[in-house]
There are 2 protein chains.
Amino acid sequence: MYSQSEENYLKAIYHLEESSEKGVSTSKLSEELQTKAASVTEMLKRLAEKKLVNYQKYYGVSLTPEGKSWALAIIRKHRLWEYFLVECLNFNWDEVHEVAEQLEHIQSKKLVEELDCFLGRPSFDPHGDPIPNAAGVLPEFKKRRLSEFKVGDTLICKGFSDASSSFLQFLDQHKIGLDTLVSIKSIQEFDESMLVKVRKSEIMLSKTATQNIFVEKNKESKIKEKV
Amino acid sequence: MYSQSEENYLKAIYHLEESSEKGVSTSKLSEELQTKAASVTEMLKRLAEKKLVNYQKYYGVSLTPEGKSWALAIIRKHRLWEYFLVECLNFNWDEVHEVAEQLEHIQSKKLVEELDCFLGRPSFDPHGDPIPNAAGVLPEFKKRRLSEFKVGDTLICKGFSDASSSFLQFLDQHKIGLDTLVSIKSIQEFDESMLVKVRKSEIMLSKTATQNIFVEKNKESKIKEKV
DNA sequence: TAAAATTTTTAGGCAAAGCTAAATAATTTT
DNA sequence: AAAATTATTTAGCTTTGCCTAAAAATTTTA
């Protein structure tokens with residue numbers, strides 16, 4: 001339907017709209033996409049003709065509803081593929097982006113829906129970013145960091161921030177990955193480090209670490225609490 | 001490394017070299033790729049410069065070892081993705097081609113190797129076509145049709161010919177799919193139809209049907225025979 | 001508020017990959 | 001063996017998406 005290049009522009013505009021109050025300018029886009037401003041201008045004219053963006057010479061650009069919904073569809077694909085790569089194909093979180101950039105442009109409604117289903121309709125990708133559903137709606141609950149919880153809570157790891165490879169290796173060593181169960185045993189007051197239980201063993205996590213681990217409340221553990 | 005278009009040419013040349021004794025001509029290629037002969041000539045010159053093909057004006061084209069190995073890499077990806085789509089994502093055999101045409105161009109060594117591993121290193125795709133290994137070597141044993149076997153043999157379905165959708169539905173109804181076990185109970189002499197056992201039930205298959213089902217000898221059943 | 005600085009757009013090019021029409025080479029027919 | 005037919009290549013044009021350099025608009029600053 002649209003070219004890879006056009007899709008990349010839509011995605012970039014979407015991300016820039018999200019991450020800043022002001023509108024999206026030609027120069028911001030050119031930096032994001034690593035192209036020259038002149039090329040951006042040209043493309044914006046083309047996208048405006050296709051009614052994917054509102055573009056006013058010299059005054060920046062915004063997505064139309066059509067453009068936004070297309071951007072969300074690409075982001076959905078990107079994040080589902082990232083999830084697949086980490087969950088099924090043993091990729092690390094810092095390796096998935098490049099490949100997902102390619103996979104997100106594959107055109108097939110059925111492919112996306114079946115992949116989503118195969119993966120168990122995940123709500124967050126391995127970086128903790130929300131995955132829009134087929135209708136382009138983002139999950140309501142926002143991502144929460146392990147550092148936000150208290151002693152006694154049991155949580156399921158649902159994502160990790162882009163982090164140094166040493167952090168990554170640390171998690172790997174302790175076999176902390178997507179869907180790993182973690183329960184908080186104690187919290188040191190002075191540095192907010194946590195002693196957590198993972199499977200059979202107890203591990204000490206610094207505040208830096210707990211801020212970079214995204215989690216969800218464990219539904220099963222709620223049941224146990226009641227019993 | 002190479003563009004999608006270049007890869008499609010390499011693949012097309014490979015297939016035409018396989019399927020006919022004579023060399024590959026500009027017109028054959030232009031028909032295969034649905035482009036004009038003039039465009040083919042242009043591309044062949046480009047591929048020759050990159051040492052992917054041997055090209056002699058007016059006398060057709062052939063792949064160099066480099067070109068052949070690249071073609072096999074693409075075919076490997078194509079068939080692995082087809083296998084994935086059918087096995088994991090509920091695609092039917094007649095739906096996979098279009099999507100695999102896109103997926104085969106994704107560039108990532110790790111992706112291909114991990115996918116291969118995830119799928120259990122299959123030797124044949126859902127159409128019964130052989131999948132080259134990472135070194136570009138095709139599986140030795142060639143595909144065999146159910147119709148070639150005799151009473152008492154137990155076999156594993158490994159592929160199905162491109163067939164009518166009614167054949168497809170028939171197989172679906174009887175839950176005959178990839179890796180389904182089939183054992184031959186009896187063969188009618190006059191029309192070579194087979195009575196086969198699939199799980200709990202017995203099914204009658206016409207010769208047309210048995211010729212379109214590709215199978216492999218079941219290793220486990222060999223063991224049972226010896227016991 | 002006018003000059004300076006910055007940002008954006010326009011104009012003109014380039015490469016990839018397709019096209020049509022015309023020219024040329026190869027093959028077949030007479 | 002020449003003519004006719006068919007296949008292939010060349011030449012010139014189109015679109016996409018990028019580039020540089022120059023021009024124009026906007027914003028900042030003095």
Side-chain angles (χ1 to χ4, degrees), chain A residues 1-14 16-17 20-63 67 70-71 74 101-102 104-107, chain B residues 1-14 16-17 20-63 67 70-71 74 101-102 104-107:
Chain A
M1 200 71 169
Y2 300 112
S3 73
Q4 294 209 180
S5 198
E6 288 171 326
E7 292 192 339
N8 286 335
Y9 274 85
L10 293 177
K11 207 176 38 145
I13 296 167
Y14 179 89
L16 291 174
E17 281 188 344
S20 85
E21 311 304 292
K22 297 170 239 155
V24 176
S25 65
T26 302
S27 52
K28 267 198 232 157
L29 262 174
S30 87
E31 191 184 351
E32 175 86 7
L33 291 162
Q34 303 281 33
T35 58
K36 299 291 153 167
S39 311
V40 173
T41 300
E42 239 188 318
M43 180 59 98
L44 292 184
K45 285 197 272 187
R46 238 174 295 151
L47 294 176
E49 258 189 34
K50 297 184 179 178
K51 311 268 189 208
L52 294 167
V53 301
N54 307 113
Y55 169 56
Q56 270 218 277
K57 263 193 186 180
Y58 294 104
Y59 292 94
V61 72
S62 66
L63 292 173
W70 201 267
I74 299 158
E101 288 287 287
Q102 297 179 61
E104 72 190 6
H105 299 292
I106 303 291
Q107 307 272 286
Chain B
M1 199 70 169
Y2 301 112
S3 73
Q4 294 210 180
S5 198
E6 288 171 324
E7 293 192 338
N8 286 333
Y9 274 85
L10 293 178
K11 207 176 36 147
I13 296 167
Y14 180 89
L16 290 174
E17 280 188 343
S20 85
E21 312 302 293
K22 296 171 241 156
V24 175
S25 66
T26 302
S27 52
K28 267 198 231 159
L29 261 174
S30 87
E31 192 184 351
E32 176 85 7
L33 290 162
Q34 302 281 34
T35 58
K36 298 293 156 168
S39 310
V40 173
T41 301
E42 239 188 319
M43 180 58 99
L44 291 184
K45 283 197 274 189
R46 237 173 297 152
L47 294 176
E49 255 186 39
K50 297 183 180 181
K51 312 270 189 203
L52 294 167
V53 301
N54 307 113
Y55 169 56
Q56 270 219 277
K57 262 193 185 181
Y58 294 104
Y59 292 94
V61 72
S62 66
L63 292 173
W70 202 266
I74 299 158
E101 288 286 289
Q102 297 180 62
E104 73 190 5
H105 299 291
I106 304 291
Q107 304 278 336

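B:E17 places a side-chain N or O within donor-acceptor distance of the main-chain N or O of B:L63, the cut-off being under 3.5 Å.
To the nearest 0.5 Å, atom CG of residue B:N8 and atom CE of residue B:M43 are 8.5 Å apart. Atom CD of B:Q102 is separated from atom CD of A:Q102 by 13.0 Å, given to the nearest 0.5 angstrom. The distance from the NE2 atom of B:H105 to the CD atom of B:E7 is 5.5 Å, given to the nearest 0.5 Å. Once rounded to the nearest 0.5 Å, the distance linking OG of A:S30 with NZ of A:K36 reads 8.0 Å. Distance check: A:M1 CE to A:Q107 CD gives 9.0 Å after rounding to the nearest 0.5 Å. Distance check, rounded to the nearest 0.5 Å: NZ of A:K28 to CD of A:E32 gives 10.5 Å.
Rounded to whole Å, the distance from NZ on A:K57 to P on D:dA24 is 12 Å. Nucleotide C:dA26 holds its P atom 19 Å from the NZ atom of B:K22, rounded to whole Å. A straight line from NE2 of B:H105 to P of C:dA17 spans 12 Å, rounded to a whole angstrom. One can place CD of B:E7 at 15 Å from C1' of C:dA17, the figure rounded to the nearest angstrom. For the pair A:L33 CG and D:dT16 P, the computed distance is 18 Å after rounding to whole Å. The separation between A:L10 atom CG and D:dG17 atom C1' is 15 Å, rounded to whole Å. Straight-line distance from the CD atom of A:E6 to the C1' atom of D:dC18: 14 Å, rounded to whole Å. Taking atom OH of B:Y2 as the reference point, atom P of C:dA16 lies 14 Å away to the nearest angstrom.
Close to D:dT26, at under 4.0 Å from its OP1 or OP2, lies a side-chain N or O of A:Y59. OP1 or OP2 of D:dC18 sits under 4.0 Å from a side-chain N or O of A:Y9. Within the structure, a side-chain polar atom (N or O) of A:Y55 is placed less than 4.0 Å from OP1 or OP2 of C:dT9.
Residue B:S3 places its side chain closer to C:dA17 than to any other of C:dA17, C:dT10, C:dG18.
A donor-acceptor contact under 3.5 angstrom links the side chains of B:S25 and B:S27, judged on distance only.
Both A:Q4 and A:Y58 lie close to DNA chain D; mapped to their nearest nucleotides by heavy-atom distance, the more 5′-ward contact belongs to A:Q4.
Shown here are the side-chain contact (heavy atoms from CB on, under 4.5 Å) partners of A:A38, two or more places apart in sequence or in another chain: there are none. Partners of B:E101 by salt bridge (Lys or Arg N to Asp or Glu O under 4.0 Å), not counting sequence neighbours, listed by chain and number: B:K11.
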Contacts table for residues 47-60 of chain A: side-chain donor-acceptor under 3.5 angstrom, sequence neighbours left out:
{"from": "A:K50", "atom 1": "NZ", "to": "A:E6", "atom 2": "OE2", "distance (Å)": "2.5"}
{"from": "A:N54", "atom 1": "OD1", "to": "A:S62", "atom 2": "OG", "distance (Å)": "3.2"}

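Summary for the helix from C:dT1-D:dA30 to C:dT30-D:dA1: the axes at its two ends, each from 5 pairs, differ by 10° when rounded to the nearest 10 degrees.
Residue-environment remark: CD (A:E31) stays at or below the threshold of 12 foreign heavy atoms within 6.0 Å.
Residues of residues 23-31 of chain B having a heavy atom closer than 4.0 Å to DNA chain D, listed by number: B:S25, B:T26, B:S27. Residues from residues 34-49 of chain B that place a heavy atom under 4.0 Å from any atom of DNA chain D, listed by number: B:A37, B:A38, B:T41, B:K45.
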